[in-house]
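Note on naming: letters A, B, ... go to the chains in the order of the sequence lines (proteins, then strands), and numbering restarts at 1 for each one. The shown structure was predicted, so the numbers you read here are calculated from the model rather than taken from an experiment. Reckoned from all heavy atoms, side chains included, excluding hydrogens, waters and symmetry mates.
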There are 2 protein chains.
Amino acid sequence: MVVVDSSVCAEKPAAAEPRERILSAAGQEFAERGYEAATVRDICLAAGVNLAAVNYYFGDKQRLYIESVKHAHEQRAGQVPLPEWTAGTPPQRKLRDFVGNLLERMLGFGQPPWQVRLMMREVLHPTDACRELVEDYVRPRFTLLVSILDELVDGRLSQTELRRVALSIIGQCFVYRAAGDVVAMLVPREELESHHSLAPLADHVTGYALAALGEAGPLVGAHQRIHQFREEASP
Amino acid sequence: MVVVDSSVCAEKPAAAEPRERILSAAGQEFAERGYEAATVRDICLAAGVNLAAVNYYFGDKQRLYIESVKHAHEQRAGQVPLPEWTAGTPPQRKLRDFVGNLLERMLGFGQPPWQVRLMMREVLHPTDACRELVEDYVRPRFTLLVSILDELVDGRLSQTELRRVALSIIGQCFVYRAAGDVVAMLVPREELESHHSLAPLADHVTGYALAALGEAGPLVGAHQRIHQFREEASP
DNA sequence: CAGCGTGTTAAACACGCGTTTCAATCAAGT
DNA sequence: ACTTGATTGAAACGCGTGTTTAACACGCTG
């Protein structure tokens, strides 16, 4: 009967602690087992709170799920901000930065892996609560990528074609995260590391795109060429 | 207590009917709702059989799931066979055929969409039962693609680089199926059709790869160029 | 101190699930 | 026609789930 919204908790940082713990535990459980298979009991056990807490703070399981997805996204969003570009930054460099940024967020080095996994579930089977997440978060990034590509080809491709190229770039990054387990079965063990480390992947995807767009030489025999667009000391 | 295996049903085509119906209904339910959310009751209701039938034919829910995944795969496998190539077929043509074939299987035109959706779930979260599916089915295709690419660049790329390119190609096709709903949110309504129809997509992916590998001109201003590699009358 | 709201706890509830049971039915074999 | 085994039918059983309840502990206010 007691209605609790986030603004109340923002005023009381001491009381916000169990709420945070529940959100974190719920995110992990939902990401690992899926919505149906994850149980409120396990979540509360992992969070170290009583079974009734989830109902007290969130009302029911579904609203807990929605909040945990948002929570995971908000944590992720601030962690890997886009680099700052000056007016003179060449589009090739922007593209490399964007791809590196995208891969860093998707493969999530040094960050808890369940956050992305949770969002991947939403991508595969969107729920009402998270369509807004696409609007607020995914679309701006997508639009940015399209504009970078537009600058790169200097208006020589239509918007339709630009979107296709953008989806090609995203798809190449996407497959490593979404189908990561299958990828791990397909490539030799010793090669896996290079397939899942950031810089070689980003170089490959960027070089692949630049070559396809005629903004760089073909991939064949051009292994090191795009290194000029890479910042050496990554943050 | 009664053990029933498929060989027995193969001898009695009349008795094989309910088994097939259950498999089909189960595949649909599992694909739509996921393993946990799908209920045996709904499956039996949709199949028009009694609740006890699933236990009689398959033992329990898990074995029904495994069998339904295999069943969906086997149906799919025979439906879209790879085209026959002669010794003189150029690798560009092979690549275009392969990509078209991959997209046709993934986007599944004119075929029940739940079969692919079911397998997508497995790709995202592989279960024990379906790792063999990767070995028997995915790996041969992947190896074939790598060999086509190898023939295309005539040994000028290492196996590691070839695998990366292969994954890039697969990723581009993959994203349209796995993240199809999100893609639908990102591109304008009227453009959706062209993004989800086979020939333009296959042309784009193939052209993108050929351009990146230096086997064709860049995408910019080369809209129609790869049509020479496309068979006009697709089966 | 009494009153009250906030947070927490343990126990219980109602429901839907996978699974089992057992009798009824059907199709041959002899 | 009777027997036998395979198949189907309806009902029930446990069990685990999400959710609710009511009692309790604490801190603050008047």
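Side chains of A:H125 and B:R121: a donor on one and an acceptor on the other come within 3.5 Å. A:T39 and A:D42 share a side-chain donor-acceptor pair at under 3.5 Å. Checking A:R76 against A:H71 by side-chain atom types alone, no donor-acceptor pair falls below 3.5 Å.
A close approach under 4.0 Å does not occur between any side-chain nitrogen or oxygen of A:Y56 and OP1 or OP2 of C:dT6.
Checking D:dA10, C:dG18, C:dT6 against every side-chain atom of B:N50, the shortest atom distance belongs to D:dA10.
One atom, CZ of B:F30, and another, P of C:dC17, lie 13 Å apart when rounded to the nearest Å. Atom CD1 of A:I22 and atom C1' of C:dT8 are 11 Å apart (whole Å). The distance from atom CZ of B:R33 to atom C1' of C:dG18 is 17 Å, rounded to the nearest whole Å. Between the P atom of D:dT17 and the CG atom of A:L64 lies a distance of 15 Å, rounded to the nearest Å. As rounded to whole Å, 14 Å separates atom P of D:dT7 from atom CZ of B:R21. Atom CD of B:E17 and atom C1' of D:dT7 are 13 Å apart (whole Å).
Within the structure, every pair that satisfies the ring pair (Phe, Tyr, Trp, His ring centres under 6.0 Å) test and touches residues 21-48 of chain B, not counting sequence neighbours, is listed here: B:F30-B:Y35, B:F30-B:Y65, B:Y35-B:Y65. Sequence neighbours left out, the pairs with a member in residues 179-193 of chain A that pass side-chain hydrogen bond (donor to acceptor under 3.5 Å, both in side chains) are A:E191-A:H195, A:E191-B:T160, A:E191-B:R163.
Residue contacts shown for B:A38 are limited to sugar-phosphate atoms, with no base heavy atom under 4.0 Å away.
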What pairs of nitrogen or oxygen atoms, one from the protein and one from nucleotides 19-24 of chain D, lie under 3.5 Å apart?
residue : atom : partner : partner atom : Å
D:dT19  : OP2  : A:K61   : N            : 2.8
D:dT20  : OP2  : A:N55   : OD1          : 3.1

Could you please spell out the steps behind the side-chain contact (heavy atoms from CB on, under 4.5 Å) verdict for A:S147 and A:F142? CA-CA 9 Å; A:S147 72; A:F142 184 72; over 6 Å; no
